[in-house]
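Below: one structure, written as structure tokens.
Residue indices begin at 1 and follow the sequence shown. Quick note: numbers below take in every heavy atom, side chains included, and nothing from hydrogens, waters or symmetry partners.
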Amino acid sequence: MDDRSIAGSDDPPATNVEGDRPVVEASTETEDATVHEEGTELERTISLAGGLSIGVGTMIGAGIFVFPGLAAGQAGPAAALSFAIGAVVALLVAFPASELATAMPRSGGGYYFISRGLGTVYGTVVGLGLWLGLVFASAFYLVGFGHYAAAVFAEIGLSLSINPAVPLGVTFGALLTGLSVTGTERAAAVQNVVVALLLVILLIFLGYGGLDSLGVFGTESTPERFAPFGAMPVISTAALVFTSYLGFAQVATVAGEIERPSRNLPLAMIGSVVVVGLFYVTTIFVATSAFPSADLETFGETAMVEVARAFFGLPGAVAILVAGLLATVSSANASILSSSRAVYALSKDALLPRRASEINLRYGTPHVALGLAGVPILLLTATGQVELLAEVASFLHLVMYGLLCVALLVLRRNPPVWYDPDFRTPGYPGVPVVGALASFGLIAFMDFRSIAIGIAVMIVSIGWHLVYADEISLKGQI
């Protein structure tokens, strides 16, 4: 058996390569774990709360604490509509993704579903794209964390000779990768605590700010046209901020570790989009009521700190600084975890070398896969390019989301014998058709550089498939 042979895992069909012929490994799926002939590896230890915290915690970071200033500068108060458009597109994909996840509750998420529904070529493109898309997203979150940490230093009057944003982002990226190596349960526990604290702070802030903006009390809202720059910037801003909605798909990448997947996967994926979408729209409404869009753009990545200062003074600024740190940490933590699981799933299917799916005997985590996620994340974080990182992540995920919808249509039209999902997409086939068109259509409004980098990743992925994995067939297997 060559380097592409596969050890037992919770993620069948682990496709072994013997000579020139792929061989499917026997396995049985339960609500507790996936058991193979060679034993059980990843256990189902993530509860519904853990799944929701991965989805909500990932999405709420960039959307609320990094994007308001950037989005308002591009679309004005209509940036709230941009976030709403992103939420609708995400929901159109979350329904088909939930159906696929309950039919195939395995780690790897979108990659796994597409490789089984559309074939190995599409799976390779999406799998490598998912890995790198999460790498770009993680780097984006870590850069945002660095900006908030730098703002904390400025708030306490600590002057540094260099901007600490990038060095701090890189440092915490390394720490979070190390945390994920020590166990999924520890990473999930940190995620739950961080998200709970974050939501408490946000509910207080947005509750007060929303009432103030509506004129119930406090100052009058800042008068400004809803869409001062026209309709096109609203759509292009939706493409930019779509990175904010990557979290629901990250729940699917750890599907092999979700307890009671038939129930908890749809609730975690769809519920996280609804909850976070409401938070986003409210945040932009509050922010653009407190300041004109031009001022918010000037404030940049930490615009929400100044909004909180306007409502609550110094205590409000400090509270949002803390919340921003929590949010960006939770986003990066969940993204690093999910990126490693994409690598793990690719390796189990022999699309990457076998060693990438090795499990740490002490902690029970895919430590090599975590390294393959963590190292490029740190390198990209060092660039500090916020908007470019966000849009490349959005591009790669939108391609995956569109293909997810197509995979559902293919599997429903000619279902394999094993296809028996516990959740069915409402409004079929309209929802997946519109979801695919919306996902692919949003790409057209992105910056040219982001599209070029995304296409380059896809071309490299196809080349990798042709050179390394051309003999492997995954379509219709489970």
Side-chain angles (χ1 to χ4, degrees), residues 58-87 136-151 163 165-166 169 222 224 226-246 276-277 279-308 310 320-321 323-325 327-328 331-332 380-381 383-395 397-398 442 445-451:
T58 304
M59 292 189 285
I60 215 162
I64 288 182
F65 294 99
V66 180
F67 272 137
L70 303 174
Q74 291 191 15
L81 180 57
S82 300
F83 276 103
I85 292 171
F136 275 91
S138 302
F140 165 64
Y141 301 140
L142 288 169
V143 172
F145 169 84
H147 280 290
Y148 268 83
N163 186 341
V166 170
T222 302
E224 187 176 4
F226 179 69
F229 311 118
M232 288 300 293
V234 176
I235 302 176
S236 61
T237 301
L240 169 66
V241 303
F242 195 77
T243 309
S244 304
Y245 291 101
L246 306 188
V276 173
F279 269 103
Y280 289 165
V281 173
T282 304
T283 298
I284 295 297
F285 172 71
V286 170
T288 53
S289 296
F291 290 101
S293 301
D295 290 350
L296 291 171
E297 183 179 24
T298 302
F299 297 147
E301 290 84 357
T302 55
M304 293 308 297
V305 177
E306 300 308 318
V307 174
I320 289 300
L321 282 172
L325 291 172
T328 48
S331 294
L380 285 173
T381 302
T383 68
Q385 298 295 314
V386 177
E387 291 188 42
L388 182 62
L389 291 170
E391 276 209 349
V392 172
S394 290
F395 175 96
H397 278 78
L398 283 166
L442 207 55
F445 297 93
M446 290 184 168
D447 181 82
F448 173 77
R449 293 179 304 161
S450 305
I451 296 175

Those residues that, when tested against Val276, pass side-chain contact (heavy atoms from CB on, under 4.5 Å) (two or more places apart): Val56, Met59, Tyr280
Nearest-0.5 Å distance, OG of residue Ser450 to CZ of residue Phe445: 15.0 Å
Sub-6.0 Å ring centroid separation between Phe395 and Phe136: no
Phe242 vs Ile85, side-chain contact (heavy atoms from CB on, under 4.5 Å): CA-CA, chis, key distance, verdict: CA-CA 9 Å; Phe242 195 77; Ile85 292 171; over 6 Å; no
Backbone of Asp447 reached by a side-chain donor or acceptor of Glu391 within 3.5 Å: yes
Spatial distance of atom CG (Leu389) from atom OG (Ser138) [nearest 0.5 Å]: 10.5 Å
Closest non-hydrogen atom pair between Ala72 and Ala79, with its separation: N-CB, 4.1 Å
For the student: nearest non-hydrogen atoms of Met446 and Ile451, plus distance: O-CD1, 3.8 Å
Minimal non-hydrogen separation, Gly277 against Ala87, with atom names: CA-CB, 4.3 Å
For residues 227-241, which side-chain N or O atoms pair as donor and acceptor with protein atoms under 3.5 Å away, sequence neighbours left out?
{"from": "Ser236", "atom 1": "OG", "to": "Met232", "atom 2": "O", "distance (Å)": "3.4"}
{"from": "Ser236", "atom 1": "OG", "to": "Pro233", "atom 2": "O", "distance (Å)": "3.1"}
{"from": "Thr237", "atom 1": "OG1", "to": "Gln74", "atom 2": "OE1", "distance (Å)": "3.4"}
{"from": "Thr237", "atom 1": "OG1", "to": "Pro233", "atom 2": "O", "distance (Å)": "2.6"}

side-chain contact (heavy atoms from CB on, under 4.5 Å) assessment of Phe226 paired with Leu81: CA-CA 10 Å; Phe226 179 69; Leu81 180 57; 4.1 Å; yes
Leu296 side, atom CG; Ile284 side, atom CD1 - distance, nearest 0.5 Å: 8.0 Å
Contacts of Glu297 that satisfy salt bridge (Lys or Arg N to Asp or Glu O under 4.0 Å) - sequence neighbours left out: none
ring-ring contact (aromatic ring centres under 6.0 Å, His included) partners of Phe145, counting only residues at least two apart: Phe172
For a quick test of your reading: what N or O donor-acceptor pairs under 3.5 Å do the side chains of residues 64-71 make, sequence neighbours left out?
none

Closest non-hydrogen atom pair between Val281 and Ala80, with its separation: CG2-O, 3.7 Å
Worked verdict on Glu306 versus Asp295 for side-chain contact (heavy atoms from CB on, under 4.5 Å): CA-CA 10 Å; Glu306 300 308 318; Asp295 290 350; over 6 Å; no
Contacts of Ala151 that satisfy side-chain contact (heavy atoms from CB on, under 4.5 Å) - sequence neighbours left out: Thr302, Leu321
Closest non-hydrogen atom pair, Thr381 against Gly169: CG2-C, 3.8 Å
